[in-house]
**Student:** 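Here it is: the structure, laid out below.
Note that this is a predicted model, so its numbers are computed, not measured.
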Amino acid sequence: MTAADTSVRPTGAANWCALGTSVRLVTTDPALLDSCNLLLARHLAEVDAACSRFREDSELVALDSAGGRPVRVSPLLAEALTVALRAAAATDGAVDPTVGSAMNTIGYDRDFRLVQEDGRPVKLTVRPVPGWRLIRLDRATGTVTVPAGVRLDLGATAKAWAADKAAATLARAAGCGVLVSLGGDTAVAGEPPVGGWRIRVQDVTGPVDETPPQGPYATVGLRGGGLATSGTAARTWRSGPHTLHHILDPDTGLPADSPWRTVSVAATTCADANAASTAALIKGTGAERWLSGLGLPARLVARDGTVVTTPGWPRTRTPQPTPNPRSSNAGAAEYFAARAGISACPAFEDEGGSGGAAPGVGTGRGGGGEESPAAATTETTP
């Protein structure tokens, strides 16, 4: 092996905020960082204008007043809706974009920081969400039909899809390796650094460049595709006597009662990884079997901090599958057709135990695309 093969290639990194969350861009050619960052900022501004649930002037909010009539939408929103509906179909409705009204009902109707500061009591009522099958998207005419009274929330899919789209576009334009992380939803494209992109997976916030102070974490190498983490423990708020979180079970319209506090998944795309990690929280005790059946490497952290991994995750432990009455793998296997290249890094650890660890960026689902501190943290050097 030559010296060039083992040397660490320089990278350039930029950190800022957009879509109500943290943005991290890393390029294998530092000279191209600034131009890539400008392109990324433009892309995220377009996504925000199309998909935000909290902007009165967004295309998504405009659908609320359509009264069930077909509405012509931009190609960007049509693509985002396509991803959301495909994710719903692949997860048997566990990830459902019609949770918008349910989100408002539990008090998540504005920027998450404002929700945390409010604390006003809400009435929690079991009410299934309308269901994704009611949405009609006609790609030929560029129109979408949303029944009157149904509100969409693309928080469970749009951020990861935006990361995929940005990484692919920037890698193609710059001709170098690119990593885009939006609140911890991480997509990579182009030629990766030697050993892959180093990703630290953990579930309590903290600085990117510091070793997690407590609990289990894992550092893995990602060579392609995407990695996403969804969690119920970090993004929480008080509402009267209740502690709520933003991962809603479509069957109840209420925060999911999951045995897992975080689930991390690697897949061919970040959107796939994100849909699978969110669905796993909803599926609960059946999540291990479901993920294993799809061939998706995953790391599940139970409420007590116990770590379980599925085949394909570095240093895999054989999970004990629990039958899942909610779902079969029919249809999902085609959607999650292949997984990302993932391997253990020299710093890899996964020792189980209690507590969490500390990312600099976070991720979570169903909440309007803001940052949630349950994350895959990207380290800039391979």
**Student:** Going by side chain to side chain contact (heavy atoms under 4.5 Å, CB included), name the residues that satisfy it together with Ser35, two or more places apart in sequence or in a different chain.
**Tutor:** Leu32

**Student:** Using only atom types and a distance under 3.5 Å, with no angle test, would you say the side chain of Thr262 pairs donor to acceptor with the backbone of Gly231?
**Tutor:** no

**Student:** Which atom pair, heavy atoms only, marks the closest approach of Ser230 to Ser277?
**Tutor:** OG-OG, 2.9 Å

**Student:** Using side-chain heavy atoms (C-beta onward) and a distance below 4.5 Å, is Thr157 in contact with Val95?
**Tutor:** yes

**Student:** Just verifying a value: how many Å separate Glu288 CD and Thr310 OG1, rounded to the nearest 0.5 Å?
**Tutor:** 9.0 Å

**Student:** Applying side-chain hydrogen bond (donor to acceptor under 3.5 Å, both in side chains), name anything that partners Thr82, two or more places apart in sequence or on another chain.
**Tutor:** Arg139

**Student:** Check for a donor-acceptor pair, side chain of Ser65 on one end and backbone N or O of Ala62 on the other, with a separation under 3.5 Å.
**Tutor:** yes

**Student:** Could you pull out all residues at least two apart from Arg55 that satisfy side-chain hydrogen bond (donor to acceptor under 3.5 Å, both in side chains)?
**Tutor:** Asp48, Asp57

**Student:** State the CD-OG distance between Glu46 and Ser74, to the nearest 0.5 angstrom.
**Tutor:** 9.0 Å

**Student:** Just to verify, what does Asp138 make a salt bridge (Lys or Arg N to Asp or Glu O under 4.0 Å) with, not counting sequence neighbours?
**Tutor:** none

**Student:** Could you give the distance from CG (Leu137) to CH2 (Trp132), rounded to the nearest 0.5 Å?
**Tutor:** 12.0 Å

**Student:** Which residues pass the side chain to side chain contact (heavy atoms under 4.5 Å, CB included) test with Val71, sequence neighbours left out?
**Tutor:** Leu63, Ala66, Val73

**Student:** Suppose we screen for side chain to side chain contact (heavy atoms under 4.5 Å, CB included). Which residues come up paired with Ala45, at least two apart in sequence or across chains?
**Tutor:** none

**Student:** Under the criterion side chain to side chain contact (heavy atoms under 4.5 Å, CB included), which of Ile342, Val188, Leu179 is the partner of Ile199?
**Tutor:** Leu179

**Student:** Under the side chain to side chain contact (heavy atoms under 4.5 Å, CB included) rule, collect the residues that match up with Pro147, sequence neighbours excluded.
**Tutor:** Leu134, Ile135, Val150

**Student:** Would you call Pro297 and Pro311 a side-chain contact if the rule is heavy atoms closer than 4.5 Å?
**Tutor:** no

**Student:** Hey, are the side chains of Thr229 and Val263 touching, using non-hydrogen atoms and a 4.5 Å cut-off?
**Tutor:** no

**Student:** Is any side-chain heavy atom of Arg151 closer than 4.5 Å to one of Thr98?
**Tutor:** no

**Student:** Does Arg303 have any side-chain hydrogen bond (donor to acceptor under 3.5 Å, both in side chains) partners at least two apart in sequence or in another chain, and if so, which?
**Tutor:** Asp257

**Student:** To the closest 0.5 Å, what do you measure between CG (Leu76) and NE2 (His43)?
**Tutor:** 7.0 Å

**Student:** Is it true that Asp29 and Thr27 share a donor-acceptor pair across their side chains at a distance under 3.5 Å?
**Tutor:** no

**Student:** Quick one: closest heavy-atom pair of Ala88 and Pro97, and the distance?
**Tutor:** CB-CD, 4.2 Å

**Student:** Write out all pairs satisfying salt bridge (Lys or Arg N to Asp or Glu O under 4.0 Å) with one or both partners inside residues 161-175, taking only residues at least two apart or from two chains.
**Tutor:** Glu79-Lys165

**Student:** Of all the heavy-atom pairs spanning Glu59 and Leu77, show the shortest one and how long it is.
**Tutor:** CB-CD2, 3.5 Å

**Student:** Evaluate Thr219 against Arg198 for side chain to side chain contact (heavy atoms under 4.5 Å, CB included), listing each step before the verdict.
**Tutor:** CA-CA 7 Å; Thr219 301; Arg198 291 170 61 93; 4.0 Å; yes

**Student:** Closest heavy-atom contact between Gly68 and Thr145?
**Tutor:** O-CG2, 3.3 Å

**Student:** Is there a donor-acceptor pair closer than 3.5 Å between any side-chain N or O of Ser258 and the backbone N or O of Leu281?
**Tutor:** yes

**Student:** Using side-chain heavy atoms (C-beta onward) and a distance below 4.5 Å, is Leu300 in contact with Ser264?
**Tutor:** no

**Student:** Counting C-beta onward and ignoring hydrogens, is there a side-chain heavy-atom pair between Trp313 and Val201 closer than 4.5 Å?
**Tutor:** yes

**Student:** Let's go through Trp260 and Val301 carefully: what are the C-alpha distance in whole Å and the side-chain angles of both, what is the deciding distance for side chain to side chain contact (heavy atoms under 4.5 Å, CB included) to 0.1 Å, and is it a yes or a no?
**Tutor:** CA-CA 6 Å; Trp260 313 109; Val301 183; 6.0 Å; no

**Student:** Locate the shortest heavy-atom distance separating Ala280 from Leu291; write the atom from each residue and the value.
**Tutor:** CB-CD1, 3.9 Å

**Student:** With heavy-atom distances below 4.5 Å as the criterion, would you say the side chains of Lys159 and Thr21 are in contact?
**Tutor:** yes

**Student:** Do Arg136 side-chain atoms and Arg133 backbone N/O form a donor-acceptor pair below 3.5 Å?
**Tutor:** yes

**Student:** Checking side-chain polar atoms at under 3.5 Å, does Ser181 have a donor or acceptor matched by the opposite partner on Thr186?
**Tutor:** yes

**Student:** Check for me, please, whether Leu39 and Leu19 land in the same ILVMFWY cluster - side-chain distances under 4.5 Å, paths through other members count.
**Tutor:** yes

**Student:** Are Leu81 and Leu154 side-chain neighbours, meaning at least one heavy-atom pair lies under 4.5 Å?
**Tutor:** yes

**Student:** Any luck finding a side-chain donor-acceptor pair between Trp161 and Asp185 under 3.5 Å?
**Tutor:** no

**Student:** Closest approach of Arg72 and Thr143, non-hydrogen atoms and distance?
**Tutor:** CA-CG2, 4.0 Å

**Student:** CG of Leu60 to SG of Cys51: how many Å apart, nearest 0.5 Å?
**Tutor:** 6.5 Å

**Student:** Working to the nearest 0.5 Å, report the span between CG of Leu25 and CG of Leu40.
**Tutor:** 5.5 Å

